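In what follows, every chain begins at residue 1, and chains take the letters A, B, ... in the order their sequences are listed. Here the structure is a predicted model, which is why all the values come from computation and not from measurement.
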Amino acid sequence: MHYYQTICILSPVIATKANNSSPNAKAVIEIKNLRIVYPGRGPKHPPKIAIKDLTLAVYEGETFGFIGPNGAGKTTTMHVLLGFIQPTAGEAYIFGVNVREPIARQRIGYLPELTYYYKFLTAEELLRFYGRLFSIPQPELDRRIDYLLKLVDLGQVRGKPIKTYSKGMQQRIGIAQALINDPDLLILDEPTSGLDPIGRMKIREIIQRLKSEGKTVFFSSHELGEVETVCDHVAILHEGELKTLGSVQALINQYKMDLEKIFLKVIGYPSAN
Amino acid sequence: MHKIIAISGVVIKELYRRKDFYVLFVLTALITLLMGSANFFGDASLVGYITEIALLLIWISLLVISISTAARQIPSERENRTILPLLAKPVTRGQLIMGKFIGSWLAATIAMLVFYLFLALIIWSRGEGPKISTYIQGIWLHWVCLAIITAMAICGSVFFSAPSANITITLIVTSAILTVGRYLNLLAEQKPEPFQSIIYAIYYAIPHLEWYDLRDSIVHKHPPAPWWAAGVVTLYGTVYSAIFLTITWLRFKRTPLINA
């Protein structure tokens, strides 16, 4: 059964999405009944359910916004997709390969929420290192490094250690490392968090460019205006539960309000009513 | 294999871009140089003692360099979260462990070669030194010993989250094995049961690092040990390193990369 069809039982909005789905579209991400429970640490810290039976699919070429308040389980879901966390129950697949297999990450680019890179390396060394992990041949790697440093406007500082970069520059080198293998799927965890308006605009431009190239982008964000502008589809997660899922336009048409208000309504924020 | 080499390359780069490493490196090189070149009262035998002290210093420095480098690798990757973009690539945790091990071991190897080269230049520039074959065998076995110590420190790093605790414990255990490991069987003979069996079990379980220490043979200009024996000890070291790395992998493969 189609995953959207499964969820249609739960939400009328998803039915719209299911109707709009191209029958030939391939699922790039498939999450089936995913459950994450963090074990308790004594009576004062009982087990915590981070994700409650999440089922969703993201299709080829989609720009998919994964939104929810802090602690909703967005990053946890992304960490499952990347194999960082083992699910308590359920399965997740990327390009049809179980995420437990390292090969599932061959066609993925990942940008973490904060800049977690080797600060003693230069931008060029960092990209070369990550490129070698994908076994990219040397001439091709040289070409990609040049292209990406130009794309993220870091060509002038390519020989300087990352520790000397500003936050915006570090976020841009993060984008470059996520693109080093020319991935078919990008997983971006709050790519614009903490950036100034110019930095946010640059990241948005890069996402738009990737979208126009037909890449699948799965990203979380608190910038709902940005999600509304950039994304085709969204999923709203709250306290580990999928509250709604569907195309941005279908949601706006159904609720007759902007995405921010829809979000507040769906998570049950009082002022939204 | 190229993924392992890429990871180990970053380990080496990190070590050689750290200022604290250079302090230890330059200090040891300087003391080795001074000790080796000293010539009190023109007494040749005194130079032998000084060479012995220089060798001891090399052993201590390399112990500190290899343990402190290896013990930090996985905890700092987790603490700084650089492990996230790294393992988001098609890299297995086994490859990560091997890369960290080889990188730490090679970094210590480079330091070791420089130290021994310094010492060799000093010794042989002053006339008759130890037998070259013994000296080479000493370096070889020291190198194998560093592999065991590095693997032990990497293994400790997946059990102790704080690198400082791991460094301290590994340094104590390694020093204890080097100094009293060889006497454990003699101690066991003097003890009643069940202590005897326990001490014997420890004696047979620990890696006997003292077998790799040829300082006395170098200082006293002894001929090298038979090469077949060096080969057996190398095999023994390889097995112990593999055991420590396997334990590391078994522990690390299911460990969540970040805490809830």
Taking C-beta and beyond as the side chain, do [X] and [Y] meet within less than 4.5 Å on heavy atoms?
{"X": "B:Ile83", "Y": "A:Tyr116", "value": "no"}
{"X": "B:Ile5", "Y": "A:Arg132", "value": "yes"}
{"X": "A:Ser135", "Y": "B:His2", "value": "yes"}
{"X": "A:Pro102", "Y": "B:Arg93", "value": "no"}

Spacing of [X] atom [atom1] and [Y] atom [atom2] [to the nearest 0.5 Å]:
{"X": "A:Tyr110", "Y": "B:Leu84", "atom1": "OH", "atom2": "CG", "result": "5.0 Å"}
{"X": "B:Thr92", "Y": "A:Glu101", "atom1": "OG1", "atom2": "CD", "result": "11.0 Å"}
{"X": "A:Tyr130", "Y": "B:Leu86", "atom1": "OH", "atom2": "CG", "result": "6.0 Å"}
{"X": "A:Lys119", "Y": "B:Asn80", "atom1": "NZ", "atom2": "CG", "result": "7.5 Å"}

Does any backbone or side-chain atom of A:Gln106 lie under 4.5 Å from a heavy atom of chain B? Answer side chain, backbone, both or neither. both
Restricting to non-hydrogen atoms, name the atom on B:Lys13 and the atom on A:Leu121 that form the minimum distance, rounded to 0.1 Å. CD-CD2, 3.7 Å
Shortest non-hydrogen contact from A:Phe134 toward B:Pro90: CE2-CD, 3.1 Å
Do you know which of A:Arg128, A:Glu125, A:Lys48 has the most heavy-atom pairs under 4.5 Å to chain B? A:Glu125
With respect to A:Tyr118, which candidate in B:Glu77, B:Glu14, B:Arg17 satisfies the side-chain hydrogen bond (donor to acceptor under 3.5 Å, both in side chains) definition? B:Glu77
Sort by residue number and list every residue of residues 139-148 of chain B having at least one heavy atom under 4.5 Å from chain A. none
Residue B:Glu210 excluded, over 12 heavy atoms near CD under 6.0 Å: yes
Can you tell me which residue pairs pass the side chain to side chain donor-acceptor pair (under 3.5 Å) test with a partner in residues 159-177 of chain A, sequence neighbours excluded? A:Thr115-A:Gln170, A:Tyr117-A:Gln177, A:Gln177-B:Lys89
